[in-house]
Protein chains: 2
Amino acid sequence: MQKMPLPAVNEHIPHLAFDSVIFGFSGTQLKILIMEYHNTNIFALPGGFVKKEEHLNDAVRRGLKERTGLDNIYLEQFYTFGDADRQKPEAMRSILANNGLSPEKYSWMLERFISVAYYALINYQDVVPQPDALSDSCQWYNIDALPPLMMDHQLIVEKALETLRNNLDRKLAKGNMLPPKFTMKDLQNAYEAILGTPLLRTTFQRRMLSLEILERHEKQYSGGAHKAPFLYSFIKN
Amino acid sequence: MQKMPLPAVNEHIPHLAFDSVIFGFSGTQLKILIMEYHNTNIFALPGGFVKKEEHLNDAVRRGLKERTGLDNIYLEQFYTFGDADRQKPEAMRSILANNGLSPEKYSWMLERFISVAYYALINYQDVVPQPDALSDSCQWYNIDALPPLMMDHQLIVEKALETLRNNLDRKLAKGNMLPPKFTMKDLQNAYEAILGTPLLRTTFQRRMLSLEILERHEKQYSGGAHKAPFLYSFIKN
DNA sequence: TCAAAAGTGTTAACTGTACACCCATGT
DNA sequence: ACATGGGTGTACAGTTAACACTTTTGA
């Protein structure tokens with residue numbers, strides 16, 4: 001697997017970064033992708049920088065592709081974090097040191113950054129996380145069992161989750177968190193994992209159908225000793 | 001009235017700006033503050049730049065204070081506009097030329113900017129708009145009769161309005177768009193101006209009271225030949 | 001025929017809408 | 001007393017919640 005080269009100085013807009021909260025769903029658990037830097041025990045959201053003449057949204061799409069191999073993802077910007085003291089220069093210095101990179105040459109990475117945050121909804125099954133040049137792991141973590149994250153990344157995750165919970169109906173339909181066809185039970189599991197509360201099965205079913213965003217397909221015979229559930233897909237428009 | 005000096009080079013983070021959509025309410029009309037640059041017929045949202053070590057939110061508060069004289073305003077970030085082609089370098093060049101400023105010295109203002117957009121809700125009555133060094137007017141315009149705006153500022157206004165319309169109940173209560181005490185009619189006028197639709201008086205009243213965000217005060221005797229309305233204020237928490 | 005899980009019917013509670021009605025006020 | 005605008009009562013419709021019931025499936 002090819003590792004991404006570290007970007008050169010001056011290629012990017014200084015002091016501007018993006019971070020992405022990439023949500024996946026394992027069947028019962030809501031998860032996000034977290035990177036660990038080489039030999040540092042420092043965990044962070046996958047992020048990146050914006051090239052001088054690159055559209056911001058394109059930069060994020062590019063970054064996401066580099067880390068997950070996935071293209072054509074539902075991405076939504078939700079907040080820009082701009083506190084002057086969100087940086088932890090010591091942490092970044094140790095990341096550079098542990099990667100044999102001189103702090104002089106990469107001093108721009110130690111400076112203050114304003115970060116535009118995005119969230120993505122992707123299918124957990126499809127992703128083979130690819131660590132980049134700086135990191136030695138890029139892994140799924142349960143949303144309620146995250147490692148300690150660097151800087152204000154914990155806050156970013158919380159705000160992403162809060163945003164996701166609002167108008168979940170529209171958002172889940174646009175993303176790719178579920179496979180193309182899924183049962184009503186799958187959908188309910190996703191809702192429950194995201195909202196963090198149990199829902200009534202019958203009420204849930206009727207509410208989903210009343211939204212008129214689901215298309216009903218053939219039944220799925222699971223081999224289980226019970227009525228086979230219908231498969232559904234989102235009506236894309 | 002003191003005009004603001006033009007900021008020096010290198011004081012600010014390059015390629016990063018903010019724009020603010022400042023909403024005011026005149027009694028029946030929703031308005032926003034628009035600046036016109038000297039001798040250019042170019043209209044823009046009031047905006048500014050972020051200093052190297054300044055918190056983003058502070059930068060916006062500072063910019064707003066410079067232009068409206070108002071402090072302690074309800075400000076909310078709603079989107080970051082990052083298309084690479086949102087700039088119109090020709091327009092900025094002509095602004096500089098018409099102000100006797102050399103494009104060489106201020107070339108950083110011609111470059112690509114990513115802009116973090118905020119909206120504010122303020123009391124129209126309280127504001128004496130103060131044009132800054134670059135502009136010769138800073139005026140209220142009805143939301144449905146804006147002059148043609150530079151760059152993507154029209155889009156920014158539309159997105160601000162869309163954001164404001166969502167969860168208006170919470171937002172109006174936090175802002176200062178209405179005076180400290182107001183009648184139910186005032187409140188309804190504000191809602192109608194923002195949402196752009198007429199509302200039923202009786203239904204509106206009951207809905208507002210059920211939100212439990214209003215405190216009822218003494219009645220207001222207007223001199224009109226009719227029952228005096230109660231005054232209300234928002235319960236701040 | 002039984003247990004498990006899916007799907008549907010039914011009713012009661014709640015919420016929102018529309019409109020009627022009553023109340024206070026200055027002329 | 002009456003016209004004007006503010007406040008409340010009420011009835012109806014639409015939506016949601018809770019639970020009972022039926023259906024399908026494999027053992």
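Chain A is the first sequence line, chain B the second, and so forth, proteins listed ahead of strands; every chain is numbered from 1. Computed from a prediction, not measured in an experiment: that's the story for all the values here.
If you check every strand for non-hydrogen atoms under 4.0 Å, A/Thr202 touches a base.
Rounded to whole Å, atom C1' of D/dC12 lies 14 Å from atom CZ of B/Arg206. Atom CG in B/Leu200 sits roughly 15 Å away from atom C1' in D/dT8 (whole-Å rounding). Atom CG in A/Asp186 sits roughly 13 Å away from atom C1' in C/dA6 (whole-Å rounding). Atom-to-atom, CG of B/Leu199 to P of C/dA18 comes out at 11 Å; the value is rounded to the nearest Å. Going from atom NZ of A/Lys219 over to atom P of C/dA6 covers 11 Å, rounded to whole Å. With rounding to whole Å, B/Lys227 atom NZ is found 16 Å from D/dC2 atom C1'. In this structure, A/Gln205 places its CD atom 19 Å from P of D/dC21, rounding to the nearest Å. In this structure, B/Leu209 atom CG and D/dG6 atom P are separated by 14 Å, rounded to whole Å.
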Between B/Phe81 and B/Phe18, is a ring pair (Phe, Tyr, Trp, His ring centres under 6.0 Å) present by the stated rule, with each step listed? CA-CA 9 Å; B/Phe81 293 83; B/Phe18 67 84; over 10 Å; no

Run the numbers on A/Ser115 and A/Asp19 for side chain to side chain donor-acceptor pair (under 3.5 Å), then give the verdict. CA-CA 7 Å; A/Ser115 180; A/Asp19 287 299; 2.7 Å; yes

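Here C/dA6 is the nucleotide among D/dT8, C/dA24, C/dA6 with the atom lying nearest to any side-chain atom of A/Pro229.
The base of D/dG5 does not come close enough to the side chain of B/Arg201 for any donor and acceptor atom to sit less than 3.5 Å apart.
Without hydrogens or angle criteria, A/Gln188 side chain to A/Phe204 main chain gives no donor-acceptor distance under 3.5 Å. The closest donor-acceptor contact from the side chain of A/Arg216 to the backbone of A/Phe230 lies at 3.5 Å or more, if one exists at all.
For the pair A/Thr203 and A/Ala228, nearest-nucleotide mapping onto DNA chain D gives the more 5' position to A/Thr203. Mapping B/Arg207 and A/Thr183 onto DNA chain C by nearest heavy atom places A/Thr183 at the nucleotide closer to the 5' end.
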